[in-house]
Trainee: 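The following block contains the structure, expressed as structure tokens.
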Amino acid sequence: MASNGPGTSQEEFKWKARVSWVTGERSVAYSRNNSFLIEKQASFKEKDPHPSAIEYLLGALGGDIAAGFQTVAPRFGVSIEALEISLSGQLNNSLTMLGVIGEAGHPGLETIEGRIFISTEATEEKIEKVWQSVQDRSPLFNTLKRAVKLDFSLVIVL
Amino acid sequence: MQSPILVGAVVYDPKVVVIWDIIKEFFISEGCPMDYVFYSNYELMVEALVTGHIHIAWNSPLAWLEAEHATHNECRAIAMRDTDRDRVTHIIVRRDSGISDLEDLKGKTVATGAKDSPQATLIPLQVLRRAGLEADKDFTLRRFDLLVGKHGDHVGGELEALRSLQRGESDACAVLDLNWTNWQADGTVDPAKLTVLATTPPFDHCNFTVREDFPKEDEQRWLEVLFRMTYSNPAHREMMDMEGLKEWLPGRVSGYAILDEAVKQQGFFEEAVQSA
């Protein structure tokens, strides 16, 4: 029987992904029994066949937060009827990503803004507590907040 | 595999990469590989052309003159947009201003775009000079130096000059004909309040520039592909709409005389060297 008693070393769980280049600026990522296509680092076109890496990052953060609400809310006795998150991210200087000679700055994300729309009958105070707990427990929020300005707000809709 | 022909362009908006990706893909598909190199300002790009880091530069009219200056006329304008030909700039005033000819601008304030904008500053100031009006002597010049180095590609300075006229802080401003049309269409300008006082002679805008020693056969190969781009192709149309053209045309240099006159009169390049 496996045991993790005092003094036993415990390695952190590792999640894994494998990414293969497909064609052009398209790659495919495999993770456990799933796969998804990634089109470019970031795109300035109106339409593309697949999301870009930056869009996956924004989507992943939103998915992390949305799932967090579903996990945490019941523990505060809060029932959520609907939840939607809109996110937008801005690079420090996207021209540096394009390799524009003479540009200053860097191509990293500078800010991510998010608005969390929640439909619930719970009080605002209670929802704020839930949101704080979601932030405390979110892997991606905690990773990104160390590198990027995260500016999130809650909007309670009936 | 042939090495790609390197084409330089100045960008201020990352969306421009969409235009160049379409062009690049078409050239590759036509067996004439090319790639783009982006620059933050025209001075850097002209230097890259002169030193041979790029083969072709997508030059503003002022950058074309800079390239001529830097290469001692050892360069060629090989292609341009249909819309680069015969542009004009309007001097705009308020309808209720009582200003009816250029002479009435004496003692008034004239707003222009960035100091290196051919269309919104250099050429209109030359037209005023031809009419006997010297900036900061016969009239007050209010210049909006937004994104200097982009040669007025960014219309911000030109738009600020228009706003200053609309707010009554200036008595006249200079607006490129295409912007004047667009700004009336999108409501930026109320034609009942503003009117055209004078119009510059026609001038040409951007061109693709190569050094004189760029191989003629490479130029021919590249131009043949460029001229095969057509507005009837949906992919090309997307690019052409963004870049503001219906057709690529051969380059010509007959439309840069008034700008040449302006930069010589103003000692523009000498001033640029001193301030560098």
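So that the names make sense, note that chain A is the first sequence line, chain B the second, and so on, each numbered from 1. Just so you know, these numbers use all the heavy atoms, side chains as well, and skip hydrogens, waters and symmetry mates.
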Trainee: Given that the side chain runs from C-beta out, which part of Val10(B) has a heavy atom under 4.5 Å from chain A: side chain, backbone, both or neither?
Mentor: neither

Trainee: Within a radius of less than 6.0 Å around CD of Glu81(A), do more than 12 heavy atoms belonging to other residues, nucleotides or ligands occur?
Mentor: yes

Trainee: Does atom CD of Gln41(A) have more than 12 heavy-atom neighbours from other groups under 6.0 Å away?
Mentor: no

Trainee: How many angstroms lie between CD in Glu103(A) and CG in Asn41(B), if you round to the nearest 0.5 Å?
Mentor: 9.0 Å

Trainee: Under 6.0 Å from the NZ atom of Lys145(A), do we count more than 12 heavy atoms belonging to anything else shown?
Mentor: yes

Trainee: How long is the straight-line distance from CD1 of Ile19(B) back to CZ of Phe44(A), given to the nearest 0.5 Å?
Mentor: 13.0 Å

Trainee: Please state whether the side chain, the backbone, both or neither of Leu98(A) comes within less than 4.5 Å of a heavy atom of chain B.
Mentor: both

Trainee: Given 3.5 Å as the limit, does a donor-acceptor pair link the side chain of Ser94(A) with the main chain of Pro14(B), or not?
Mentor: no

Trainee: Taking all atoms of both residues into account, what is the closest heavy-atom pair of Ile101(A) and Leu44(B), and its distance?
Mentor: O-CD1, 3.6 Å

Trainee: If you count heavy atoms of other groups shown closer than 6.0 angstrom to CZ of Arg228(B), is the number above 12?
Mentor: yes

Trainee: Between chain A and each of Glu238(B), Met45(B), Lys15(B), count heavy-atom pairs under 4.5 Å; write down the option with the most.
Mentor: Lys15(B)

Trainee: Please determine whether the number of non-hydrogen atoms from other residues, nucleotides or ligands lying under 6.0 Å from atom CD of Glu212(B) exceeds 12.
Mentor: yes

Trainee: Looking at Gln184(B), I want to see if its CD is surrounded by more than 12 non-hydrogen atoms of other residues, nucleotides or ligands under 6.0 Å.
Mentor: yes

Trainee: Check whether Tyr36(B) gets within reach of chain A through its side chain, its backbone, both or neither, counting any heavy atom under 4.5 Å.
Mentor: neither

